[in-house]
Amino acid sequence: MFCASVAYPFDSEGFDFEYFRSHHAPMFAELLGENCQRFEVHRGLATPSAPPPPFAAAAYFWVTSPEGFGAA
């Protein structure tokens with residue numbers, strides 16, 4: 001099993017997390033087909049007294065074949 005990550009920088013102007021979570025990531029998982037075993041979407045969260053998170057959001061796609069991922 002391999003995990004492919006897609007991340008959007010924290011300073012992404014106009015980034016729509018709900019669209020990314022509800023439409024974009026599932027559409028990409030569907031494009032991967034049976035190679036995609038599961039996927040998760042995470043939102044970057046700020047912590048008090050800490051630097052801002054490096055990413056606004058990240059999606060993780062678990063696939064069985066890196067070659068299949070590259071071909072998709």
Side-chain angles (χ1 to χ4, degrees):
M1 184 89 50
F2 301 89
C3 181
S5 303
V6 177
Y8 285 87
F10 186 71
D11 62 350
S12 294
E13 190 70 31
F15 179 76
D16 184 346
F17 178 79
E18 290 306 316
Y19 175 82
F20 180 65
R21 179 184 63 83
S22 300
H23 299 286
H24 191 81
M27 181 175 53
F28 187 65
E30 186 175 327
L31 176 70
L32 293 172
E34 291 183 15
N35 188 32
C36 184
Q37 300 301 301
R38 71 176 200 185
F39 72 96
E40 295 178 5
V41 177
H42 297 253
R43 181 190 304 242
L45 299 175
T47 303
S49 302
F55 300 107
Y60 306 97
F61 299 87
W62 280 266
V63 297
T64 54
S65 165
E67 295 81 15
F69 178 83

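Both Tyr8 and Val41 sit in one connected hydrophobic cluster of ILVMFWY residues. Membership requires side-chain heavy atoms under 4.5 Å apart, directly or through other members. Transitive grouping of hydrophobic side chains (ILVMFWY, heavy atoms separated by less than 4.5 Å) keeps Phe69 and Met1 in distinct clusters. The same ILVMFWY cluster, assembled from side-chain heavy atoms under 4.5 Å apart, contains both Val6 and Val63. There is a path of hydrophobic side-chain contacts, each under 4.5 Å, that joins Leu32 to Phe39.
Summarising the geometry of Ala29 relative to Phe61, their closest heavy-atom pair is N-CE2, 3.9 Å, with the distance given to 0.1 Å. Contact record, Phe2 with Ser65: CD1-N, 4.5 Å, taken as the closest heavy-atom pair. When all heavy atoms of Pro53 and Ala46 are compared, the pair lying nearest together is CD-CA, 4.0 Å. The two residues Asn35 and Gly68 make their nearest non-hydrogen contact at ND2-C, 3.6 Å.
From Ser5, atom OG reaches atom CD of Glu40 across 10.5 Å, with rounding to the nearest 0.5 Å. Between the CZ atom in Phe20 and the CZ atom in Phe28 there is a gap of 10.0 Å [rounded to 0.5 Å]. Put simply, OH on Tyr60 and NE2 on His42 are 6.0 Å apart, with the number rounded to the nearest 0.5 Å.
With a 6.0 Å radius and a threshold of 12 heavy atoms from other residues, nucleotides or ligands, Glu18 has its CD atom above the threshold.
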